Chemist: 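Once you've had a glance at the structure underneath, I'll fire off some questions.
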Amino acid sequence: MAAMGNVTYSMNVSLDGYVEDAAGTIEFTTPSDEVHQAFNDQTRESAVLVYGRGVYEMMEPYWPDVARSPEGHDEVAIDFADAYVGTPRVVVSDSLEQVGEGVRLIRRAEAAAEVERLRAEPGGAVEVGGPTLAGSVLDLIDEFCPMVAPAVTGGGKPFFPPGAEKLELRLVEHRAFDSGAVWLRYQRVR
């Protein structure tokens, strides 16, 4: 019997715990090539990417275009674009009516059941992106992998939803980058 995949929640985050600053931007997370390559590798190892609407709307207009027209982009960006479009994508949204080619749309009420179904399939991690989505499937998340940027935003959209339940986590891996970013991988203690 094939092993079930882990459900992993991974995003860029400020040192004070925000995925967006108070203005709704992510400029503080601009990755170095080394950090970008780590995301490339993580994406390539994922069986499926499950995004909330906000992450989807940030990623989808850009990366498929880079994959189709790589001219003028550096190798690391092209590599990520290829990994991104080569990985099945699911977007969870109650407001979107249509999504891009190669993307499947599900409604928020279906999110937990879909993540559970994807987890049971062999082939790798189910990568969750977006704090609202992560909050709605928090009980299913096996690993939390923030990429901590060397910046403090002073507020914004938090990595963990306000009022999140207490979680027992165990650090199983970490990596520091020359840019000052630190990748952390925590497993949930069940």
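Note that the structure is predicted; figures quoted are calculated from it, not measured.
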Chemist: Are L171 and I141 connected in a single hydrophobic cluster, I mean Ile/Leu/Val/Met/Phe/Trp/Tyr linked by side-chain heavy atoms less than 4.5 Å apart?
Modeler: yes
Chemist: Starting at CD of Q37, measure out to CZ of F80 and round the result to the nearest 0.5 Å.
Modeler: 11.0 Å
Chemist: For the residue pair R190 and D142, establish whether any side-chain heavy-atom pair is separated by less than 4.5 Å.
Modeler: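 Of all side-chain heavy-atom pairs linking D142 with R190, at least one is under 4.5 Å.
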Chemist: Can you see which heavy atom on V137 is nearest to which on V115, and at what distance?
Modeler: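 Shortest heavy-atom contact: CG1-CG2, 4.2 Å.
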Chemist: Salt-bridge test for R53 and D94: reply yes if a basic N is under 4.0 Å from a carboxylate O, no otherwise.
Modeler: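 No.
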Chemist: Taking atom types as modelled, find out whether S14 and D16 have a side-chain donor-acceptor pair closer than 3.5 angstrom.
Modeler: yes
Chemist: Only counting residues at least two apart or in another chain, list the ones meeting ring pair (Phe, Tyr, Trp, His ring centres under 6.0 Å) with Y18.
Modeler: none
Chemist: Run through R188, E143, Q187 and flag the one making a side chain to side chain donor-acceptor pair (under 3.5 Å) with N6.
Modeler: E143
Chemist: Of all heavy-atom pairs between V7 and R119, which one has the smallest distance, and what is that distance?
Modeler: CG2-NE, 3.6 Å
Chemist: According to the side-chain hydrogen bond (donor to acceptor under 3.5 Å, both in side chains) rule, which pairs have a member within residues 43-52, sequence neighbours left out?
Modeler: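 Every side-chain hydrogen bond (donor to acceptor under 3.5 Å, both in side chains) pair that includes a residue of residues 43-52, provided the two are not neighbours, is D41-R44, R44-D79, S46-E127.
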Chemist: State, with a plain yes or no, whether a side-chain heavy atom of L49 is found less than 4.5 Å away from one of M59.
Modeler: no
Chemist: Donor-acceptor check, side chain of R107 to backbone of S93, threshold 3.5 angstrom: yes or no?
Modeler: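 Flag set: sc R107 to bb S93 pair under 3.5 Å.
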Chemist: Give the ring-plane orientation class for F160 versus Y9, where under 30° counts as parallel, over 60° as perpendicular and anything between as tilted.
Modeler: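 Geometry flag for Y9 against F160: perpendicular rings.
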Chemist: For the residue pair Y84 and P64, what are the closest heavy atoms and their distance?
Modeler: CE2-CD, 3.9 Å
